[in-house]
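All heavy atoms count here, side chains included; hydrogens, waters and symmetry mates do not. As the structure lists them, so they are numbered: ligands from 1, and atoms in each ligand from 1. Keep in mind that this is a model prediction, so the values were computed, not measured. All residue numbers refer to positions in the sequence shown, counting from 1.
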Amino acid sequence: MALSGVKCTVSNCTYNDSNNLCSASAIEVNVDGGGQSARASQQTNCNTFSAK
Ligand code: SF4
């Protein structure tokens, strides 16, 4: 079952389904390089990612 409202195009993640949805039970998103403040979306990443 997909996480409601979470679209993801990382096709090589274990949790990514064929409809660009995330099937993980929950996700954790962090700031690239650490800390708790990002200036742009490019500075955030999904820590739940797991390569197929
Ligand atoms: S775990 Fe993260 S990278 Fe993987 S499908 Fe879900 S949102 Fe995308």
Side-chain angles (χ1 to χ4, degrees):
M1 190 163 146
L3 277 178
S4 178
V6 177
K7 176 185 174 185
C8 180
T9 58
V10 185
S11 62
N12 69 322
C13 177
T14 301
Y15 301 109
N16 197 267
D17 74 11
S18 56
N19 296 314
N20 286 343
L21 298 173
C22 177
S23 65
S25 58
I27 61 171
E28 178 180 334
V29 179
N30 294 318
V31 178
D32 273 339
Q36 295 185 314
S37 180
R39 289 179 176 271
S41 58
Q42 291 90 336
Q43 295 175 330
T44 66
N45 69 74
C46 178
N47 201 58
T48 310
F49 168 80
S50 176
K52 283 182 182 172

What lies under 2.8 Å from atom 6 (Fe) of ligand 1, restricted to protein N/O/S atoms, is Cys22 SG
Under 3.5 Å, which donor-acceptor pairs do the side chains of residues 45-52 form with other protein atoms, sequence neighbours left out?
| unit_1 | atom_1 | unit_2 | atom_2 | d |
| --- | --- | --- | --- | --- |
| Asn45 | ND2 | Asp32 | OD1 | 2.5 |
| Thr48 | OG1 | Glu28 | N | 2.8 |
| Lys52 | NZ | Ser11 | O | 3.2 |

Can any side-chain N or O of Asn16 pair as donor or acceptor with the backbone N or O of Cys8 at less than 3.5 Å? yes
Apart from Leu3 itself, members of its ILVMFWY cluster (side-chain separation under 4.5 Å) are Val6, Ile27, Val29
Pairs of donor and acceptor atoms involving the side chains of residues 33-41, under 3.5 Å and at least two apart or interchain, shall be tabulated with distances.
none

Open item on the list: So does Leu21 get a backbone contact from the side chain of Asn19, meaning a donor-acceptor N/O pair under 3.5 Å?
Closed with: no
